[in-house]
Amino acid sequence: MGFAQVGAESGWRTANTISIQEEAEAQGIELKFTDAQGKQENQISAIRSYIQQKVDVIAFSPVVETGWDAVLQEAKAAGIPVILTDRAVDSEDTSLYETFLGSDFVLEGERAGEWLVENAGEADTNGDGTINVIQLEGTTGAAPAIDRAEGFATAIAADPSIEVTASQTGDFTRDGGKQVMEAFLQADDTIDVVYAHNDDMGLGAIEAIEAAGLEPGKDIKIITVDAVKDGMQALADGKINFIVECNPLLGPQLMELAKAVVAGEEVEPRIVTEETTFTQEQAKEALPDRQY
């Protein structure tokens with residue numbers, strides 16, 4: 001298997017990589033692994049290298065949704081099946097890949113928004129009758145960033161007092177989340193809620209909020225997506241208010257899918273991973289056994 005990973009931008013991604021590497025070894029699958037460092041051109045050249053090496057199957061988590069048709073056509077012409085993991089591609093030709101294994105990012109965004117609608121009373125920290133939300137987006141053009149924003153917007157439409165007043169990418173990194181949050185805090189003193197597309201950006205936002213002399217989780221409510229250990233600890237500590245899980249441990253499912261595809265078996269075109277959500281109490285219960 002040739003696997004082209006996005007990079008190592010977050011705790012989630014590191015856990016995802018370890019799961020894939022360990023499961024390949026456990027199942028006796030030779031893994032050729034590339035870290036694309038967040039650049040699409042690096043992923044494309046890695047996939048071309050796998051095609052030249054005549055691997056049995058290629059899997060990758062696309063950095064962005066668009067611009068894959070040419071290289072996937074090359075894999076198809078070489079008779080090498082492709083599996084998308086974690087992130088989808090935006091292509092009209094679905095014959096270019098066998099299946100997509102990953103989360104329903106729109107549903108994740110909806111779950112985040114639904115929690116906010118249900119807890120709108122508490123979320124109005126300024127007491128002005130409106131809930132000003134700032135959004136820390138994932139990497140521009142990436143499937144989770146697009147879908148988590150869309151799902152959230154759909155859910156909060158149920159309550160006209162909730163409004164996303166500013167939205168900017170923090171590139172799924174802790175530093176990015178911190179820098180964007182610092183700028184937002186300087187520009188606006190009416191922020192009620194931060195919705196971060198991943199835990200790492202939320203953790204960066206916490207640093208900025210504390211540096212501004214405010215209390216995260218109280219003065220500004222925080223909702224994130226992922227449920228990695230650091231995020232769950234912040235939730236248990238009351239600095240984050242709600243986390244929507246995105247499970248990174250895709251290795252076992254991916255290796256089973258790869259074996260089926262290489263054997264010529266039919267597989268479902270879309271396989272969704274099972275995920276939940278966490279409140280503070282649930283995070284405290286889950287933390288001792290958390291694998292990532």
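Remember, predicted model here, so these are calculated numbers, not experimental data.
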Colleague: Backbone N or O of G176 within a donor-acceptor pair of the T173 side chain at under 3.5 Å?
Modeller: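 Indeed, once roles are kept as given, a pair shorter than 3.5 Å links the two residues.
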
Colleague: Search all heavy atoms of A15 against all heavy atoms of P248 and return the closest pair with its distance.
Modeller: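 Closest approach of A15 to P248: CB-CG, 3.8 Å.
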
Colleague: Regarding T34 and Y50, is there a side-chain donor-to-acceptor distance under 3.5 Å anywhere?
Modeller: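 Y50 and T34 do have a side-chain donor-acceptor pair below 3.5 Å.
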
Colleague: Name the orientation class of the two ring planes belonging to H197 and F172 (parallel below 30°, tilted from 30 to 60°, perpendicular beyond 60°).
Modeller: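 It falls in the tilted class, 30° to 60°.
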
Colleague: Would you say that T277 contacts I243 through its side chain, given a criterion of any heavy-atom pair below 4.5 Å between the two side chains?
Modeller: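 T277 does not reach I243 side chain to side chain.
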
Colleague: Just to verify, which of E150, E110, R148 counts as forming a side chain to side chain contact (heavy atoms under 4.5 Å, CB included) with F105?
Modeller: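 Single side chain to side chain contact (heavy atoms under 4.5 Å, CB included) partner of F105 among E150, E110, R148: R148.
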
Colleague: Hey, could you give me the NZ/CG distance between K178 and D200, rounded to the nearest 0.5 Å?
Modeller: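 One finds 14.0 Å between NZ of K178 and CG of D200.
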
Colleague: Taking all non-hydrogen atoms of both residues, which atom of A236 and which atom of L287 are closest, and how far apart?
Modeller: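 Heavy atoms of A236 and L287 come nearest at CB-CD1, 3.8 Å.
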
Colleague: Can you list everything that forms a salt bridge (charged side-chain N to carboxylate O under 4.0 Å, His left out) with E30? Sequence neighbours excluded, please.
Modeller: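 If we apply the salt bridge (charged side-chain N to carboxylate O under 4.0 Å, His left out) test to E30, skipping adjacent residues, the hits are K32.
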
Colleague: Keeping E256 on the side-chain end and Q253 on the backbone end, is there a donor-acceptor pair under 3.5 Å?
Modeller: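 No; judged by distance alone, with no hydrogens or angles, the pair does not exist.
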
Colleague: Does any pair with a residue in residues 69-85 pass side chain to side chain donor-acceptor pair (under 3.5 Å), and if so which ones, sequence neighbours excluded?
Modeller: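 Checked against side chain to side chain donor-acceptor pair (under 3.5 Å) - neighbours excluded - the pairs reaching residues 69-85 are R48-E74, S61-T85, D69-S91, K76-S95.
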
Colleague: What is the distance from atom OG1 of T125 to atom NZ of K221, rounded to the nearest 0.5 Å?
Modeller: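 With rounding to 0.5 Å, OG1 (T125) is 7.5 Å from NZ (K221).
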
Colleague: Testing the basics here: between I206 and I222, what is the closest heavy-atom pair and its distance to 0.1 Å?
Modeller: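 Closest heavy-atom pair between I206 and I222: CG1-CD1, 3.5 Å.
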
Colleague: Within this structure, what is the CD1-CG distance for the pair I209 and D219, rounded to the nearest 0.5 Å?
Modeller: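 Nearest 0.5 Å value for the CD1-CG distance: 9.0 Å.
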
Colleague: Are the side chain of N132 and the backbone of T165 linked by a donor-acceptor contact shorter than 3.5 Å?
Modeller: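 Side chain of N132 to backbone of T165: no pair is present.
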
Colleague: Is there a side-chain contact between I134 and M181 (heavy atoms, below 4.5 Å)?
Modeller: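 Yes, at least one pair of side-chain atoms sits under 4.5 Å.
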
Colleague: Would you sort out whether E275 and T273 count as a side-chain hydrogen bond (donor to acceptor under 3.5 Å, both in side chains), showing the intermediate values?
Modeller: CA-CA 6 Å; E275 291 158 347; T273 45; 3.1 Å; yes

Colleague: Measure from the ring center of F60 to the ring center of F3 and say whether it is less than 6.0 Å.
Modeller: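 No: the rings miss the under 6.0 Å criterion.
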
Colleague: What's the verdict on ring-ring contact (aromatic ring centres under 6.0 Å, His included) for Y195 and F152, showing C-alpha distance, side-chain angles and the deciding distance?
Modeller: CA-CA 9 Å; Y195 167 46; F152 186 75; 4.0 Å; yes

Colleague: So I83 and Y97, side chain to side chain contact (heavy atoms under 4.5 Å, CB included) or not? Walk me through it.
Modeller: CA-CA 6 Å; I83 298 172; Y97 54 91; over 6 Å; no

Colleague: I'd like to know if W115 and V164 are part of one continuous hydrophobic network [Ile/Leu/Val/Met/Phe/Trp/Tyr, side-chain heavy atoms within less than 4.5 Å].
Modeller: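 Yes, V164 and W115 fall within the same hydrophobic cluster.
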
Colleague: Quick one: are V89 and L84 in side-chain contact, heavy atoms under 4.5 Å?
Modeller: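 The answer is yes, as the side chains (C-beta and beyond) meet within the 4.5 Å cut-off.
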
Colleague: Please say yes or no: joined through hydrophobic side-chain contacts below 4.5 Å, possibly via intermediate residues, are F184 and L203 part of one cluster?
Modeller: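 Hydrophobic grouping puts F184 with L203.
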
Colleague: Counting only heavy atoms not in E41 (residues, nucleotides, ligands), do more than 12 fall under 6.0 Å from its CD?
Modeller: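 Check passes, neighbour count above 12.
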
Colleague: Around E268, counting heavy atoms of other residues, nucleotides and ligands shown, do more than 12 lie under 6.0 Å from its CD?
Modeller: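 Atom CD in E268 is not packed in, count stays at 12 or less.
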
Colleague: Looking at E114 and R111, is there a salt bridge between them, counting it only when a charged N and a carboxylate O are closer than 4.0 Å?
Modeller: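 Result for this pair is no, no salt bridge flagged.
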
Colleague: Assess whether a salt bridge exists between D230 and R174, defined as any Lys/Arg side-chain N lying under 4.0 Å from an Asp/Glu carboxylate O.
Modeller: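 A salt bridge is present here (some side-chain N lies under 4.0 Å from a carboxylate O).
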
Colleague: Where is the tightest heavy-atom contact between G217 and N241, given as atom of each residue plus distance?
Modeller: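 Result for this residue pair: O-ND2, 3.0 Å.
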
Colleague: For the residue pair Q291 and K229, establish whether any side-chain heavy-atom pair is separated by less than 4.5 Å.
Modeller: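 Q291 vs K229: side chains apart.
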
Colleague: Using modelled atom types only, decide if a donor and an acceptor are shared between the side chain of D124 and the backbone of D192 within a distance under 3.5 Å.
Modeller: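 Not at all, since once roles are kept as given, no pair shorter than 3.5 Å links the two residues.
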
Colleague: Between D159 (side chain only) and S161 (backbone N and O only), is there a donor and an acceptor less than 3.5 Å apart?
Modeller: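 Yes, the answer is positive, given that a donor and an acceptor are paired below the 3.5 Å cut-off.
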
Colleague: Go through the steps for Q5 and N16 under the test side-chain hydrogen bond (donor to acceptor under 3.5 Å, both in side chains), then give the verdict.
Modeller: CA-CA 9 Å; Q5 182 61 285; N16 179 243; 2.9 Å; yes

Colleague: Going through the distances and angles, do L96 and V82 end up as a side chain to side chain contact (heavy atoms under 4.5 Å, CB included)?
Modeller: CA-CA 7 Å; L96 296 176; V82 173; over 6 Å; no

Colleague: Would you call E23-K259 a salt bridge at under 4.0 Å N-O?
Modeller: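 No, this pair does not count.
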
Colleague: Check the hydrophobic clustering (I, L, V, M, F, W, Y; side-chain heavy atoms under 4.5 Å; chains of links allowed) and say if Y292 and L235 are grouped together.
Modeller: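 Not linked; separate clusters.
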
Colleague: Is any side-chain heavy atom of M1 closer than 4.5 Å to a side-chain heavy atom of L254?
Modeller: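 Side-chain contact under 4.5 Å: yes.
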
Colleague: For the pair W12 (side chain) and C246 (backbone), establish whether a donor and an acceptor sit closer than 3.5 Å, ignoring hydrogens and angles.
Modeller: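 Checking the backbone N and O of C246 against the side chain of W12, a donor-acceptor pair under 3.5 Å is found.
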
Colleague: Do you know which two heavy atoms are closest between T66 and Q40, and how far apart they sit?
Modeller: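 Closest heavy-atom pair between T66 and Q40: O-NE2, 2.8 Å.
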
Colleague: Nearest 0.5 Å, please: how far is CG in D189 from CG in L214?
Modeller: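 Going from CG on L214 over to CG on D189, the span is 9.5 Å.
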
Colleague: Just wondering, do V133 and I156 contact through their side chains at under 4.5 Å, heavy atoms?
Modeller: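 No - every pair of side-chain heavy atoms lies 4.5 Å or more apart.
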
Colleague: Would you give the length of the straight line joining atom OG1 of T17 to atom CG of L250, rounded to the nearest 0.5 angstrom?
Modeller: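 Separation between the atoms: 10.5 Å.
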
Colleague: When you measure from the side chain of R87 to the backbone N and O of V6, does any donor-acceptor pair fall under 3.5 Å?
Modeller: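 Flag not set: sc R87 to bb V6 has no pair under 3.5 Å.
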
Colleague: Decide yes or no for D104 and D147: does some side-chain heavy atom of the first lie under 4.5 Å from some side-chain heavy atom of the second?
Modeller: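 No. Closest side-chain heavy atoms not under 4.5 Å.
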
Colleague: Quick check: closest heavy atoms across V194 and A205, and the distance to 0.1 Å?
Modeller: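 It is CG1-CB, 4.4 Å.
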
Colleague: Does the pair I47 and W68 meet the rule for a side chain to side chain contact (heavy atoms under 4.5 Å, CB included), with working shown?
Modeller: CA-CA 10 Å; I47 292 166; W68 299 102; 4.3 Å; yes

Colleague: Apply side-chain hydrogen bond (donor to acceptor under 3.5 Å, both in side chains) to the pair S49 and Q53, showing each step before the final yes or no.
Modeller: CA-CA 6 Å; S49 164; Q53 293 174 62; 2.7 Å; yes

Colleague: For residues I29 and F33: do they belong to one hydrophobic cluster (side chain heavy atoms under 4.5 Å, members Ile, Leu, Val, Met, Phe, Trp, Tyr)?
Modeller: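 Yes, I29 and F33 fall within the same hydrophobic cluster.
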
Colleague: For the backbone of V63 and the side chain of Q43, can you confirm whether one donor and one acceptor N or O come within less than 3.5 Å of each other?
Modeller: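 Yes: the side chain of Q43 pairs with the backbone of V63.
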
Colleague: Can you tell me how far apart OG1 (T99) and CG (L257) are? Round to the nearest 0.5 Å.
Modeller: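 Between atom OG1 of T99 and atom CG of L257 there are 5.5 Å.
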
Colleague: Looking only at atom types and distance, does a side-chain atom of T224 sit under 3.5 Å from a main-chain N or O of D199, one as donor and one as acceptor?
Modeller: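 Looks like no, no N/O pair under 3.5 Å.
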
Colleague: Spell out, yes or no, whether I80 and L31 are grouped together once hydrophobic residues are joined by side-chain heavy atoms under 4.5 Å, including indirect joins.
Modeller: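 Hydrophobic grouping puts I80 apart from L31.
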
Colleague: Could you tell me whether a side-chain N or O of N247 sits under 3.5 Å from a main-chain N or O of L249, the two making a donor and an acceptor?
Modeller: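 Looks like yes, one N/O pair under 3.5 Å.
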
Colleague: Stepwise, does the side-chain hydrogen bond (donor to acceptor under 3.5 Å, both in side chains) test hold for S167 with Q135?
Modeller: CA-CA 5 Å; S167 189; Q135 182 169 238; 2.8 Å; yes

Colleague: Would you check if I220 and L185 make a side-chain contact, meaning some heavy-atom pair closer than 4.5 Å?
Modeller: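 SC-SC contact between I220 and L185 confirmed.
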
